[in-house]
Amino acid sequence: MSDGNSIIIKKAKVNNLKDVTVEIPRGKFVVMTGISGSGKSSLAFDTLFAEGQRRFAESLSSYARQFLGRMVKPDVELIEGIPPAIAIEQKVNTRNPRSTVATSTEIYDYLRIIFARIGRTYSPVSGKEVKCHTVNDVLEHVFSGGASTVYLLADISWTEREDKVELMLSLKEEGYSRFFTDSPVRIEEVMKMAETGDYPERLYLLVDRLRVPSVSWNSDTGEAEAFAQDGARIPQIEWEDLCTRLHSSIQTAFNKGDGTMLVKKEFQRGGTEENQAEEEGGFRKFVNRFEADGMTFREPDEYMFSFNSPLGACPVCGGLGQMIGVSEDLVIPDKSKSIYDGAIACWRGEKMGWFKDHLVMNASRYGVPVFEPYCNLTDEQKDIVWNGRRGETEDDSIIGISEFFRWVDANKYKVQYKYMLSRYSGKTVCRDCGGSRLRKEALYVKVGGKNIHELLCMNVDSLVDFFRNLSLTEYERAIVSKAIGEVMTRLQYIQDVGLSYLTLNRASNTLSGGESQRINLVTALGSSLVGSLYILDEPSIGLHPRDTDRLIAVLKRLRDIGNTVVVVEHDEEIMRAADLLIDMGPYAGVNGGEIVFKGRAD
């Protein structure tokens, strides 16, 4: 009987196994080896994994089991002490086109958290950071500079409004009594101007007016201290009441101004140059709407960076990054040719050659070299070739390839154009998102000067260097330090299994069997499961010999956290590193299926 520290198999007869009985210690690194067909995979996968999976399925409810299908019990007399089994085989298990290296290893989930929490949005127009002012920003401005009196004003868009009289009546009913131009003015006085319509050019709603004390920070008590203009210390209760009043008035000004408010300061005579400039300069504007350069931006959240959610996925390709459309590789099959020499295949011939001649004639106006190989053109020049440019007249314009195919599509009721459209159509990168799979709004958000797509396009080594050199404020680091730690841990695992050349946006279904197996191994390490049985099929295949030691370290790390690791392997270094070696044989097929050696390799 098992004492709970071993897996006991008695009289296994699966495939060519001949009543194999073996005891495998739990929590150890075990290697099964032997010639091809000797029965090592039958023992590891068809017996151990099959029974472990079947028993786990039996522990589920009857409702859940109906979706798993029937699992046949392996031909074995007894198996005891077997934990839940996980097989990591040499095959690509996913057909999902949305699955990437980043999503498989859960790195993408942590990147989404990082960008949602500390990402900074930059305007694509000016390149400046988009900021949304808060009440604290206004408070900081109010107490800085040593002003004696502060006016809190709401921007009511006075000049654009046509219902000025109705607005003034409504404000009076709400309890407001003054507007502000260069100085406070009563609402009744402005209402008298309604007969002539001779209103002031700018007019703001005066929400509050108050005297501002000077504030200093007491290093001993750790609290702010306020002093009146005569130097007397203001009691703490009065100071708290003042802060509450300010907070409420600022929020009201934002609400009445539809997100826009202004602060006007007055200074006592004899102020500093900065104070005098403030006195002459007038108003400081604050906006709590997330907008800049005439664009309204979306505040970052985790769904914004998810291409599996309609809130974040590109609306054109649906988050796949590719779509069926005009393929650049089919339109320009030989990129070493120049435009003049006929690089654009669809514009060859007598009839379609007019489009090429038109492009050659106008290319110099827009800086497109027609005698250079297409592969040497810059991204901007390629964009002109594909999307064209509008001039003052049609003769001065460039008809782009995309516009040409829109014309072809409009005429596809004709057989020749329908054939042309199908000839040059194929899988191509989505031109709206550029293959990033995300909405454009997500690419405006950057961390360390890079957006999330740029990070995914970097290989693992470059990404590790990026996070090591990433400069964050103390506040930002406190928020995302754990998420960055998880990302770095998984990136280190990928390096350890010899896959540091991969980029994180690499589709999972394009990986080789060995790469897919090692990515699944990284996922297993990142999940931190304990008490499980991991069975791997020759993880060293495709691995450079110099990385074998790193792979062994990864397998031992999986063992050290409390798992049993069984590896089917032929590599000598891995066999020597094992806690237990089981050699199957002596020959293949009907002449195998027996254990010829069990123990340590040394």
Side-chain angles (χ1 to χ4, degrees), residues 7 9 12 14-17 20 22 24 28-50 52-53 85-94 101 104-105 493-502 508-525 532-559 563-589 592-598 600-601:
I7 303 170
I9 303 174
V14 177
N15 297 332
N16 66 334
L17 296 181
V20 171
V22 63
I24 300 174
K28 299 295 182 181
F29 174 28
V30 180
V31 170
M32 292 185 181
T33 188
I35 63 174
S36 296
S38 61
K40 55 188 183 298
S41 293
S42 297
L43 181 59
F45 288 96
D46 299 334
T47 303
L48 263 179
F49 172 66
Q53 190 180 41
I86 301 169
I88 304 178
E89 299 180 89
Q90 269 190 49
K91 62 181 181 181
V92 181
N93 294 317
T94 180
V101 172
S104 297
T105 56
Y493 290 157
I494 295 176
Q495 287 181 322
D496 291 343
V497 297
L499 297 177
S500 57
Y501 56 87
L502 290 179
S508 297
N509 54 15
T510 65
L511 299 172
S512 68
E515 289 173 336
S516 179
Q517 184 184 37
R518 277 174 270 156
I519 286 295
N520 290 335
L521 181 58
V522 171
T523 305
L525 281 167
S532 301
L533 170 63
Y534 285 92
I535 304 174
L536 293 88
D537 184 18
E538 300 188 49
S540 66
I541 282 190
L543 190 68
H544 195 281
R546 68 184 179 189
D547 293 323
T548 303
D549 289 340
R550 300 168 74 178
L551 175 62
I552 292 171
V554 170
L555 295 173
K556 288 186 174 180
R557 193 178 303 141
L558 195 60
R559 172 204 65 187
N563 298 294
T564 305
V565 181
V566 176
V567 180
V568 176
E569 188 55 81
H570 296 105
D571 186 85
E572 181 181 349
E573 287 186 55
I574 296 179
M575 289 191 286
R576 290 188 179 278
D579 300 323
L580 178 67
L581 178 65
I582 298 176
D583 190 7
M584 302 295 295
Y587 302 107
E594 301 176 12
I595 296 178
V596 297
F597 174 80
K598 178 186 174 186
R600 288 189 60 87

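- Although no hydrogens or angles enter the test, the distance criterion places a donor-acceptor pair under 3.5 Å between the side chain of Arg600 and the main chain of Ala578.
- When side chains are defined from C-beta on, Pro539 counts as touching Leu536, because their heavy atoms get closer than 4.5 Å.
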Residue pair Lys28, Leu580: steps toward the side-chain contact (heavy atoms from CB on, under 4.5 Å) verdict: CA-CA 8 Å; Lys28 299 295 182 181; Leu580 178 67; 5.8 Å; no
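- Taken to the nearest 0.5 Å, the CZ atom of Phe29 stands 12.5 Å off from the OG1 atom of Thr564.
- Residues Arg557 and Tyr493 meet the side-chain proximity criterion, which asks for heavy atoms closer than 4.5 Å.
- Between Met575 and His570, the closest heavy-atom pair is CE-O, 3.3 Å.
- Once rounded to the nearest 0.5 Å, the distance linking CG of Leu555 with CG of Leu521 reads 6.0 Å.
- Within the 4.5 Å cutoff, the side chain of Leu17 has heavy atoms near those of the Thr47 side chain.
- Atom OH of Tyr501 has more than 12 heavy atoms from other residues, nucleotides or ligands within 6.0 Å.
- A heavy-atom distance below 4.5 Å is found between the side chains of Ile35 and Ser38.
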Evaluation steps, side-chain hydrogen bond (donor to acceptor under 3.5 Å, both in side chains), between Ser508 and Ser104: CA-CA 8 Å; Ser508 297; Ser104 297; 3.1 Å; yes
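- Using a 4.5 Å heavy-atom threshold, the side chains of Val30 and Val565 count as separate.
- In this structure Asp537 satisfies the side-chain contact (heavy atoms from CB on, under 4.5 Å) test together with Phe45, Gln90, Gln517, Val568, sequence neighbours excluded.
- Not one N or O on the side chain of Ser516 forms a donor-acceptor pair closer than 3.5 Å with the backbone of Ser512.
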Leu48 and Leu43: CA distance, side-chain angles, deciding distance, side-chain contact (heavy atoms from CB on, under 4.5 Å) verdict: CA-CA 6 Å; Leu48 263 179; Leu43 181 59; 5.6 Å; no
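- Remark: Thr33 OG1 to Glu538 CD distance equals 8.5 Å, nearest 0.5 Å.
- Smallest separation of non-hydrogen atoms from Gln53 and Ala85: N-CB, 4.4 Å.
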side-chain contact (heavy atoms from CB on, under 4.5 Å) between Arg559 and Tyr534, intermediate numbers included: CA-CA 9 Å; Arg559 172 204 65 187; Tyr534 285 92; over 6 Å; no
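- Put simply, the side chain of Lys598 does not reach to within 4.5 Å of the side chain of Leu581, judged on heavy atoms.
- Between Glu573 and Ile552, the closest side-chain pair of non-hydrogen atoms falls below 4.5 Å.
- Asp547 is linked by a salt bridge (charged side-chain N to carboxylate O under 4.0 Å, His left out) to Arg550, counting only residues two or more places apart in sequence or in another chain.
- Once rounded to the nearest 0.5 Å, the distance linking CD1 of Ile494 with CD of Glu515 reads 11.5 Å.
- Between Ser540 and Asp571, the side chains place no donor N or O within less than 3.5 Å of an acceptor N or O (distance only, hydrogens not considered).
- We find that Asp583 and Lys40 are not joined by a salt bridge, their nearest charged nitrogen and carboxylate oxygen being 4.0 Å or further apart.
- Across every non-hydrogen atom of Glu594 and Pro586, the tightest pair is OE1-CD, 4.3 Å.
- Taking CG from Leu499 and CG from Leu511, the interatomic distance works out to 8.0 Å, rounded to the nearest 0.5 Å.
- With rounding to the nearest 0.5 Å, the separation of CD1 in Ile24 from CD1 in Ile582 is 4.5 Å.
- Proximity of Ile9 to Val20: side-chain heavy atoms (C-beta onward) are nowhere separated by under 4.5 Å.
- Pairing each heavy atom of Gly37 with each of Asn16, the nearest pair is O-ND2, 3.1 Å.
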Ile86 vs Ile535, side-chain contact (heavy atoms from CB on, under 4.5 Å): CA-CA, chis, key distance, verdict: CA-CA 6 Å; Ile86 301 169; Ile535 304 174; over 6 Å; no
